[in-house]
Participant: 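My questions all concern the structure below.
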Amino acid sequence: MQKSTDSLEALKIELERFGAVNDGATAERSRRMLNITRETGEFLSVLVRATVARRVLEVGTSNGYSTLWLAEAAGAIGGSVTTVEFSEYKVGLASANFARSGLATYIMLVHDDASRLLQRSEVSAFDFIFLDSERSEYPGWWQQLRRVLRPGGLLVVDNATSHAAQLAPFVAIVSADYLFTTSLVTLGNGELLAVKASS
Ligand SMILES: C[S@@+](CC[C@H](N)C(=O)[O-])C[C@H]1O[C@@H](n2cnc3c(N)ncnc32)[C@H](O)[C@@H]1O
């Protein structure tokens, strides 16, 4: 694992603590951070670097914890991250965290509904997509997700084991798609990997 700068590492640790305390204290979903685990952050960092994914899309920013891992990795290989979030409250938190992170130049934070961002994105616009949003929406987003992911690109979906039943309809769609090869990685909350055929 490449070492983060001390200040970035300190910010990640601060957000981990904030997420644990905040999410433990509120049952209201729109106010919970629902961050990925550190293990998942490390995994995403390795995947972005190993696949040389310079154009990364994240669906579901929250307060930007996972974005920091993606942006650190993308920035190190000359890339950047587009991340979309529809909650004004969370966009505000993420924006402040990105400003503190030293990674803001590698992050484009889009305040919008993910479906609208997907619809206006070009064919093959992204090398890598991290999907961590409203799981019931995923089947309806599938045609757009597969359109905007370039041939050879990688889709990673969080909560593949923690919320396996909720994800099952989407997993069935992706697994049945002749263009995609899938693998379930059981770290963190479970990551579904789906790579799109190169041609
Ligand atoms: C699980 S949280 C993301 C956590 C974040 N990836 C992290 O690990 O730090 C899911 C986020 O998706 C957002 N969201 C849900 N539906 C959305 C939609 N249709 N468009 C944009 N954002 C959405 C929620 O507001 C929430 O902040």
Side-chain angles (χ1 to χ4, degrees), residues 4 8-9 11-24 26-48 56-74 81-101 103-104 106-121 126 128-145 148 154-164 166-167 170 185 187-193:
S4 303
L8 178 57
E9 179 60 13
L11 179 58
K12 286 175 179 169
I13 291 168
E14 178 188 317
L15 295 185
E16 286 160 9
R17 290 179 181 151
F18 171 71
V21 171
N22 177 80
D23 290 12
T26 178
E28 195 188 328
R29 192 170 165 77
S30 65
R31 291 269 152 177
R32 299 180 81 195
M33 298 300 116
L34 304 168
N35 302 125
I36 58 166
T37 67
R38 171 169 281 260
E39 204 181 13
T40 302
E42 291 171 354
F43 184 57
L44 291 174
S45 174
V46 167
L47 289 178
V48 167
V56 176
L57 171 65
E58 175 179 56
V59 181
T61 316
S62 187
N63 63 337
Y65 176 72
S66 52
T67 319
L68 297 184
W69 287 98
L70 293 167
E72 182 183 21
V81 179
T82 299
T83 183
V84 60
E85 172 59 58
F86 71 0
S87 157
E88 188 170 4
Y89 166 61
K90 290 182 175 177
V91 165
L93 294 177
S95 184
N97 289 329
F98 297 159
R100 293 175 60 200
S101 70
L103 296 170
Y106 307 120
I107 301 170
M108 187 170 77
L109 174 58
V110 180
H111 182 195
D112 203 350
D113 190 285
S115 65
R116 286 220 295 266
L117 174 79
L118 289 168
Q119 275 166 27
R120 66 173 179 267
S121 297
F126 299 104
F128 188 105
I129 300 176
F130 179 53
L131 189 54
D132 187 20
S133 185
E134 177 53 52
R135 289 176 286 278
S136 62
E137 300 275 9
Y138 297 174
W141 292 347
W142 176 238
Q143 288 306 320
Q144 295 295 344
L145 288 165
V148 303
L154 184 63
L155 170 71
V156 182
V157 188
D158 196 33
N159 303 111
T161 54
S162 63
H163 295 78
Q166 285 179 14
L167 266 189
F170 183 67
V185 179
L187 63 73
N189 293 318
E191 307 304 311
L192 174 72
L193 270 56

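This one's a predicted model, so the numbers in the text were calculated from it and none came from an experiment. For the numbers below, each heavy atom of this structure counts, side chains included, while hydrogens, waters and symmetry mates do not. Whatever order the structure lists ligands and atoms in, that order sets their numbers, starting from 1.
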Participant: Nearest protein heavy atom to atom 7 (C) of ligand 1, by residue and atom, and its distance?
Facilitator: S66 OG, 3.0 Å

Participant: In terms of atom number and element, which parts of ligand 1 are under 4.0 angstrom from non-hydrogen atoms of S62?
Facilitator: 3 (C), 4 (C), 5 (C), 27 (O)

Participant: Is there a heavy atom of R32 sitting under 4.0 angstrom from any atom of ligand 1?
Facilitator: no

Participant: Has the side chain of D23 got a donor or acceptor atom that lies under 3.5 Å from a matching backbone atom of L34?
Facilitator: yes

Participant: Quick one: do the N159 and R135 side chains pair a donor with an acceptor below 3.5 Å?
Facilitator: yes

Participant: Can you tell me which residue and heavy atom of the protein come closest to atom 17 (C) of ligand 1, and the distance to 0.1 Å?
Facilitator: S133 OG, 3.4 Å

Participant: What atoms of ligand 1 come closer than 4.0 angstrom to any heavy atom of W141?
Facilitator: 19 (N)

Participant: Please list the nearest protein heavy atom to atom 9 (O) of ligand 1 with its residue and the distance rounded to 0.1 Å.
Facilitator: N35 ND2, 2.8 Å

Participant: In the protein, which heavy atom is nearest to atom 27 (O) of ligand 1, and how far is it?
Facilitator: E85 OE1, 2.7 Å

Participant: Can you sort out the partners of S136 under side-chain contact (heavy atoms from CB on, under 4.5 Å), two or more places apart, ordered by chain and number?
Facilitator: E134

Participant: Quick one: look up the protein heavy atom nearest atom 8 (O) of ligand 1 and list residue, atom name and how far away it is.
Facilitator: I36 N, 2.8 Å

Participant: Keeping T61 on the side-chain end and G64 on the backbone end, is there a donor-acceptor pair under 3.5 Å?
Facilitator: no

Participant: So, T26 side chain and E28 main chain: donor-acceptor pair closer than 3.5 Å or not?
Facilitator: yes

Participant: Starting from atom 18 (C) of ligand 1, which protein heavy atom do you reach first, and at what distance in Å?
Facilitator: F86 CD2, 3.4 Å

Participant: For ligand 1, which atoms, with element, lie under 4.0 Å from some heavy atom of D113?
Facilitator: 19 (N), 20 (N)

Participant: Check Y89 against ligand 1 and report side chain, backbone, both or neither, counting heavy atoms closer than 4.0 Å.
Facilitator: neither

Participant: Under 4.0 Å from a heavy atom of K90: give me the atoms of ligand 1 that qualify, with their elements.
Facilitator: 26 (C), 27 (O)

Participant: Tell me every residue that passes side chain to side chain donor-acceptor pair (under 3.5 Å) with K90, counting only those two or more places apart in sequence or in another chain.
Facilitator: none

Participant: Can you name the atoms of ligand 1, numbered from 1 with element, that are less than 4.0 Å from a heavy atom of D112?
Facilitator: 20 (N), 21 (C)

Participant: Check step by step if side-chain hydrogen bond (donor to acceptor under 3.5 Å, both in side chains) holds for N35 and N63.
Facilitator: CA-CA 8 Å; N35 302 125; N63 63 337; 2.9 Å; yes

Participant: If I apply the N/O under 3.5 Å rule, does G60 come out as touching ligand 1?
Facilitator: yes

Participant: Report yes or no: does E191 contribute a side-chain atom to a donor-acceptor pair with the main-chain N or O of V156 at less than 3.5 Å?
Facilitator: no

Participant: I need the atoms of ligand 1 closer than 4.0 Å to a non-hydrogen atom of E134, numbered in the order shown.
Facilitator: 15 (C), 16 (N)

Participant: Of all the atoms in ligand 1, which lie at a distance below 4.0 Å from a heavy atom belonging to E58?
Facilitator: 6 (N)

Participant: Where is the nearest protein heavy atom to atom 20 (N) of ligand 1: which residue, which atom, and how far?
Facilitator: A114 N, 2.8 Å

Participant: Output yes when the distance from some N or O of ligand 1 to some N or O of D132 is under 3.5 Å, and no in every other case.
Facilitator: yes

Participant: Taking the six-membered ring of Y89, is NZ or CZ of R31 closer than 6.0 Å to its centre and within 45° of its axis?
Facilitator: yes

Participant: At a 4.0 Å threshold, what atoms of ligand 1 neighbour a non-hydrogen atom of T61?
Facilitator: 5 (C), 9 (O)

Participant: Is any NZ, NE, NH1 or NH2 atom of the basic residue among E42 and K12 found under 4.0 Å from an Asp or Glu carboxylate oxygen of the other?
Facilitator: no

Participant: Is there a donor-acceptor contact under 3.5 Å from the side chain of N97 to the main chain of L93?
Facilitator: yes

Participant: What is the distance from atom OG1 of T82 to atom CD1 of I107, rounded to the nearest 0.5 Å?
Facilitator: 10.5 Å

